[in-house]
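What follows is a single structure, written as structure tokens, with notes after it.
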Amino acid sequence: MSARLAPSPADPMRPAPWRVRAVRRETADVATLALEPLEGGVPGFAPGQFNMIYAFGIGEVPVSLSGDPADPTRFVHTVRAVGAASAAIVAAAPGSVLGLRGPFGSAWPVDAAEGHDLLIVAGGLGLAPLRPAIYQVLAASERFGRIAVLYGGRGPAELLFRDELAAWGARADVTVAITVDHADPSWHGHVGVVPALIEHVGFDPANTVALLCGPEVMLRFTATTLRAAGVAAGRIFLSMERNMKCAIGLCGHCQFGADFVCKDGPVLPYDRIAARLAVREI
Amino acid sequence: METLERLLLGHKFLAGIDPAFGRLLVGCARNLRFAPGQYLFREGGPADEFYLIREGRVALELHAPARPPIIIATLGAGELVGASWLVPPYRWGFDARATTDTRAFGLDATCLRAKCDADHHLGYEMMRRLLPVMVRRMQAARQQMLDVYGHTSA
């Protein structure tokens, strides 16, 4: 059910210059950047795909697209500062230029999920790669059964896109549930892990597609909970994260068993990778 | 009593239970309502009743000096609050506080323990329903301990 799209540039290893048009600080170490190309137009992308973003002279990192796929004017990326390259990207000011290759990789099977109940389960920064799918789904929600967005974070201060989550939650066509692992006194919502939210959401396990993105431990437990609830393994899709370098399946850094996460993923069906998730060596 | 029995047996925790067991359970049950901020029980207090939430939300909390309560987890409709009523010396190990208007069934622990002792089939039925809840909560607590969101990127 996962689609695969080819990278758009003639030479997929050549970064093209993109200007930072706007920066939004999401949390203490996460920023969302809107980028516009200095050369040519904005390629189309499918929700779930990623770009390689290059901070010149520092390094290149894979970052999922987090904006609306229906917006042809820009790429939007949400980045956490975890190393030198990502910290430089997070610190990029409006007007500065970054290198960009992509989009790469497989996509969330949004079209194939039409007619099904849809569970979108995100943990931490994992909401960013799922946001394009949420935009696409909510733009045509009548094509789906029940829609639920379940989101878990470390604490209230680390939650992404809170304004949008509130707006989605106010809609009648989607259920939004948010939980945090660790609450502060300002928090009046759920406390606990995100798989625990699943039993509180109405869905038909025999007719449900689930899209999961977040830390791998969270993915494993969420997929296990969904399987126990009766959701078919082939209808559970995970966005995997590995050490992606070339992004086109040549270098092998992101090999995950029989797949390269950059080329065959990052979105992969659970029935294909479940056994590998239990192998700590890969 | 008939209405209470019907409502009690409609609770998710007791879904599909033998009606004969339901009739035993309802003799130990009562309807309760908690206002926001009201405690169902406090750490160290006697675990003489446990709760099945019908509506609302309950926070399980630990307290420490000079800091706000630490919320371990929140529980909602369809969930069970409290397991210490099963384990001697039957004292609560944490606080449980309603964070919203909460309706729940309270089940008298002394009454239920006596019925479980007298009817081991009922006791086994209660244990096979309680144990998965406890295991899920233990696994959830382990996941929270991992602090999985602190070291990731996407």
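Just so you know, these numbers come straight off a predicted model, no measurement behind them. In the text below, chain A, chain B and the rest are named by the order of the sequence lines, each starting its count at 1. Values reported hereafter were calculated over all heavy atoms of this structure, with side chains retained and with hydrogens, waters and symmetry mates removed.
With a threshold of 4.5 angstrom between heavy atoms, A:Pro266 does not approach chain B through any atom at all. Looking at A:Glu158, there are no atoms closer than 4.5 Å to chain B (heavy atoms on both sides), in backbone or side chain. Interface remark: B:Ala77 contributes backbone atoms only to the contact with chain A (heavy atom separation under 4.5 Å).
Here A:His188 contributes atom NE2 and B:Arg57 contributes atom CZ; the two are 10.5 Å apart, rounded to the nearest 0.5 Å. Note that CG of A:Asp184 is 12.5 Å distant from CD1 of B:Ile70, once rounded to the nearest 0.5 Å. Considering NE2 of A:His190 and CG of B:Leu75, their distance stands at 10.5 Å, rounded to 0.5 Å.
Heavy-atom contacts from other residues, nucleotides or ligands closer than 6.0 Å to CE of B:Met145 number 12 or fewer. For B:Arg67, the CZ atom is loosely surrounded, since the number of other residues' heavy atoms within 6.0 Å does not exceed 12. With a 6.0 Å radius and a threshold of 12 heavy atoms from other residues, nucleotides or ligands, A:Lys245 has its NZ atom at or below the threshold.
Within the 4.5 Å cutoff, side-chain heavy atoms of B:Gln143 are placed close to those of A:Pro195. Counting only heavy atoms from C-beta outward, the side chains of B:Tyr149 and A:Val194 approach each other to under 4.5 Å.
Per-residue heavy-atom pair counts under 4.5 Å with chain B were compared for A:Gly152, A:Gly155, A:Ser86, A:Ala196, and the maximum is reached by A:Gly152. Top candidate by heavy-atom pairs under 4.5 Å with chain B, chosen from A:Gly189, A:Ser66, A:Ser239, A:Ala183, is A:Gly189.
Evaluation of the ring-ring contact (aromatic ring centres under 6.0 Å, His included) test over residues 66-91 of chain B, restricted to residues two or more places apart or in two chains, returns B:Phe50-B:Trp85.
Applying the side-chain contact (heavy atoms from CB on, under 4.5 Å) test between A:Val193 and each of B:Gln144, B:Arg136, B:Arg142 identifies B:Gln144 as the sole match.
Heavy-atom proximity under 4.5 angstrom to chain B picks out A:Val217, A:Met218, A:Phe221 from residues 217-230 of chain A.
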